Amino acid sequence: MEIQVDHASGVPIYAQIIEQIKHLVATGRLKPGTKFPSLRVLSQELKINPNTAQKVISILVNEGVLVTTP
């Protein structure tokens with residue numbers, strides 16, 4: 001995944017990730033239908049708390065950027 005997290009930044013981690021994902025979608029690097037990493041994989045890859053990953057996914061789903069399927 002092309003997302004970088006700056007733990008020293010004053011910007012909350014979840015906000016950094018959301019902004020980068022939206023940028024990937026807007027620029028076409030994250031295309032519709034692309035399988036997004038699971039909560040567990042996302043938290044492991046970015047070395048973030050699973051609760052933060054859940055918050056990111058929830059916000060993006062609520063905003064219609066991501067769609068979840070069972």
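All heavy atoms count here, side chains included; hydrogens, waters and symmetry mates do not. Predicted model only: the values in this text are computed from it and were never measured.
- Between the side chain of Lys22 and the main chain of Glu19, no donor-acceptor pair closer than 3.5 Å is present.
- Every side-chain contact (heavy atoms from CB on, under 4.5 Å) that Val11 has, sequence neighbours left out, goes to Ser9, Ala15, Gln16.
- Residue Ser38 holds its OG atom at 7.5 Å from CD of Gln44, rounded to the nearest 0.5 Å.
- For the atom pair CG (Leu66) and CD1 (Ile57), the distance works out to 7.5 Å, reported to the nearest 0.5 Å.
- Between the CD atom in Gln54 and the CD1 atom in Ile48 there is a gap of 10.5 Å [rounded to 0.5 Å].
- Criterion: ILVMFWY side-chain heavy atoms under 4.5 Å apart, direct or through other members. Under it, Val61 and Val65 are part of a common hydrophobic cluster.
- Contact of the His23 side chain with the Arg29 side chain is registered, since non-hydrogen atoms from C-beta on lie closer than 4.5 Å.
- Residues Leu30 and Phe36 have side chains in contact (heavy-atom distance under 4.5 Å, counting atoms from C-beta outward).
- Going from atom CG of Leu42 over to atom NZ of Lys47 covers 12.0 Å, rounded to the nearest 0.5 Å.
- Here the closest heavy-atom approach between residue Val41 and residue Pro37 is recorded as CG1-CB, 3.9 Å.
- With contacts defined as side-chain heavy-atom distances shorter than 4.5 Å, the pair Leu46/Ile17 qualifies.
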- request: Apply side-chain contact (heavy atoms from CB on, under 4.5 Å) to the pair Ile21 and Val56, showing each step before the final yes or no.
  value: CA-CA 10 Å; Ile21 291 171; Val56 166; 4.1 Å; yes
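- With sequence neighbours excluded, the residues forming a side-chain contact (heavy atoms from CB on, under 4.5 Å) with Asn49 are Asn51, Thr52, listed by chain and number.
- Expressed to the nearest 0.5 Å, how far CG of Leu24 lies from CD1 of Ile3 amounts to 6.0 Å.
- Here Arg40 pairs with nothing under the salt bridge (charged side-chain N to carboxylate O under 4.0 Å, His left out) rule; sequence neighbours left out.
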